[in-house]
Protein chains: 2
Amino acid sequence: MSDNVTPFIDFLDSVVPMTKEGKAFMKSRLFTLSLGKGEYAYEIGSVCHRIGFVTDGVLRVVQLNEDGSEYTKYFINEGHFSVDLESFSSGLPSQEYQEALTPCRMIVMTKEMAEVFHTHVEGFSRAVSILTERALLEKIKIKSEMFTDDAPTRYEKLLERNPSIIQRVPLQVISSYLGVNQATLSRIRKQLR
Amino acid sequence: MSDNVTPFIDFLDSVVPMTKEGKAFMKSRLFTLSLGKGEYAYEIGSVCHRIGFVTDGVLRVVQLNEDGSEYTKYFINEGHFSVDLESFSSGLPSQEYQEALTPCRMIVMTKEMAEVFHTHVEGFSRAVSILTERALLEKIKIKSEMFTDDAPTRYEKLLERNPSIIQRVPLQVISSYLGVNQATLSRIRKQLR
DNA sequence: AGCCGTTTTTGACAAATGTCAAAAATTACC
DNA sequence: GGTAATTTTTGACATTTGTCAAAAACGGCT
């Protein structure tokens, strides 16, 4: 059960229906990976050569600012992908890292697998296109919203959209994601009671 | 010359090399479109059913906030695409509109054309995937950066990245893009002299 | 239960940005 | 070339958010 890769296959299948053969082909190659709290899915400077479909846990994508401070670009939780698309596609070193905020489990597809799937699994390419577009559009939407909203609204929207994050992630990380000072976020939270 | 569609074809060809036949196939179908200053590429509530490759001019993508105020999500200038990908892919009504800030010219590919190209032009699908990913990643990158920077830095980066925008676009629009009050932006600009 | 390290809250104050309205500058148009 | 309309700048002030440091609360561990 712990190395069950079907959730990922089911997910792809729900986007673009696949043949039994295609699914079996993928099933025999995919594998699962566990990360302990605080471990990295990949690091700055290394090339991201795999995509993880997260089935348990939360990760955060972290970018380093020029002044050395860290910024949480976004969170990844169940049903979403752990990958640095930029590095994955280009083969260039990653400019970000991903840290498991809780113990995580993901179904892993390496770059080599993906290349094989593209030619051997009908519908795979199309599913990837659709999912990539969908994921990136969602991120743009969220970032755009955050831009027009003030800090309390940003916090409330995160709470609505992703209540489990608030429970599982320390305040200092959330504040970095919301672009608000930690003390300010603490006060905002106080207001909302 | 004014209805020359080759810039778009050359652009695709530079991403994924195409056959002579493929290029001729597209060339005979694509057409150009001109927009006067203030005209819309598409409107809120309508479905976006075409992609425009902008060869001249600047457009802005505008989102309406709940309070009725407008927010400039981003600018589109020469060499970039005028499209609401969300509406284009889903067929659902658009939640944004695009306004020509200057007279614009673009090479247009309709959704119907795109569907035909997918099956008749080798490499087309792959080029589209690559370009989509590239464009969306760029937008995420810009938005993320804007999030960690303060207002003067945001202005300076826009100036670096896109000096022509500053010349061609009124201050009030830029301020909406930068997420800064217009008066504040005016003062920032004063500082930087 | 009690200790230690970490996280969160709080206070006092500083800095940045927003708001509103009027003046100045610029642009468009007859 | 002059006038109206639009855009930008400026002033005075309010509000929001940041900073820093200390206190309080929390969590893990033995």
Side-chain angles (χ1 to χ4, degrees), chain A residues 36-39 57-58 60 62 65-72 75 99-103 143 145-159 163-193, chain B residues 35-39 57-58 60 62 65-72 75 99-103 143-159 163-193:
Chain A
K37 182 174 170 175
E39 288 189 304
V58 196
R60 66 172 184 141
V62 184
N65 296 328
E66 290 109 27
D67 64 355
S69 63
E70 293 188 336
Y71 160 59
T72 301
F75 298 113
E99 178 195 2
L101 293 171
T102 67
K143 290 277 176 214
E145 266 187 33
M146 288 177 70
F147 223 77
T148 55
D149 299 333
D150 59 7
T153 313
R154 294 205 291 278
Y155 179 74
E156 280 183 309
K157 283 196 176 166
L158 175 63
L159 222 139
S164 74
I165 290 283
I166 311 284
Q167 261 108 54
R168 298 191 278 182
V169 173
L171 188 88
Q172 41 181 349
V173 172
I174 293 175
S175 76
S176 132
Y177 173 69
L178 293 178
V180 176
N181 187 281
Q182 179 183 341
T184 305
L185 182 55
S186 174
R187 291 185 177 105
I188 287 170
R189 201 147 77 157
K190 192 182 183 185
Q191 288 294 328
L192 300 176
R193 300 197 214 110
Chain B
L35 289 181
K37 183 174 170 176
E39 288 189 303
V58 197
R60 66 172 185 142
V62 184
N65 297 327
E66 292 109 26
D67 65 357
S69 64
E70 294 187 335
Y71 160 58
T72 301
F75 298 113
E99 178 194 2
L101 293 172
T102 67
K143 290 276 176 215
S144 296
E145 266 188 34
M146 287 176 69
F147 219 76
T148 55
D149 298 334
D150 59 7
T153 312
R154 294 205 292 277
Y155 179 75
E156 281 184 306
K157 284 195 176 168
L158 176 61
L159 222 139
S164 74
I165 291 283
I166 312 284
Q167 260 107 55
R168 298 190 279 182
V169 173
L171 189 89
Q172 42 182 345
V173 172
I174 293 175
S175 76
S176 131
Y177 173 69
L178 293 177
V180 176
N181 187 280
Q182 179 184 340
T184 305
L185 182 55
S186 174
R187 289 184 179 106
I188 287 171
R189 201 147 75 156
K190 192 184 183 182
Q191 289 293 329
L192 300 178
R193 299 197 214 112

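These figures come from a predicted structure and were not determined experimentally. Order of the sequence lines sets the chain letters (A, B, ...), proteins ahead of strands, with each chain counted from 1.
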**Request:** Describe, in one word, how the ring planes of B:F147 and A:Y71 are oriented to each other, choosing from parallel (under 30°), tilted (30 to 60°) and perpendicular (over 60°).
**Result:**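 Rings of B:F147 and A:Y71: parallel, under 30°.
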d([atom1], [X]; [atom2], [N]) in whole Å:
X	N	atom1	atom2	value
B:L171	D:dT8	CG	P	5 Å
B:K37	D:dT6	NZ	C1'	11 Å
B:D150	D:dT16	CG	C1'	15 Å
B:Q172	C:dG18	CD	P	16 Å
B:L178	C:dA16	CG	P	17 Å
B:Y155	C:dA16	OH	C1'	18 Å
A:R193	C:dT10	CZ	C1'	12 Å

**Prompt:** Which residues, if any, of residues 181-189 of chain A bring a heavy atom under 4.0 Å of DNA chain C?
**Reply:**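 Those residues whose heavy atoms fall under 4.0 Å from DNA chain C, taken from residues 181-189 of chain A in numerical order, are A:Q182, A:A183, A:S186, A:R187, A:R189.
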**Request:** Determine the contact category for A:R154: base if any of its heavy atoms lies under 4.0 Å from a base atom, sugar-phosphate if only primed atoms, P, OP1 or OP2 are that close, otherwise nothing.
**Result:** nothing
**Request:** Please indicate whether B:Q191 has more than 12 foreign heavy atoms, meaning atoms of other residues, nucleotides or ligands, lying under 6.0 Å from its CD.
**Result:** no
**Message:** Using OP1 and OP2 only, check whether a side-chain N or O of A:K190 sits under 4.0 Å from C:dT9.
**Reply:** no
**Item:** Heavy-atom donor-acceptor pair, A:E39 side chain to A:G36 backbone, under 3.5 Å
**Value:**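 Pair found, side chain donor or acceptor close to backbone of A:G36.
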**Asked** How far does CD1 of A:I188 sit from CG of A:L192, to the nearest 0.5 angstrom?
**Response** 7.5 Å
**Item:** Shortest non-hydrogen contact between B:R60 and B:T72, atoms and distance
**Value:** NH1-OG1, 2.9 Å
**Request:** I would like to know whether A:Q172 and A:L185 meet side chain to side chain contact (heavy atoms under 4.5 Å, CB included); could you show each step before the answer?
**Result:** CA-CA 9 Å; A:Q172 41 181 349; A:L185 182 55; over 6 Å; no
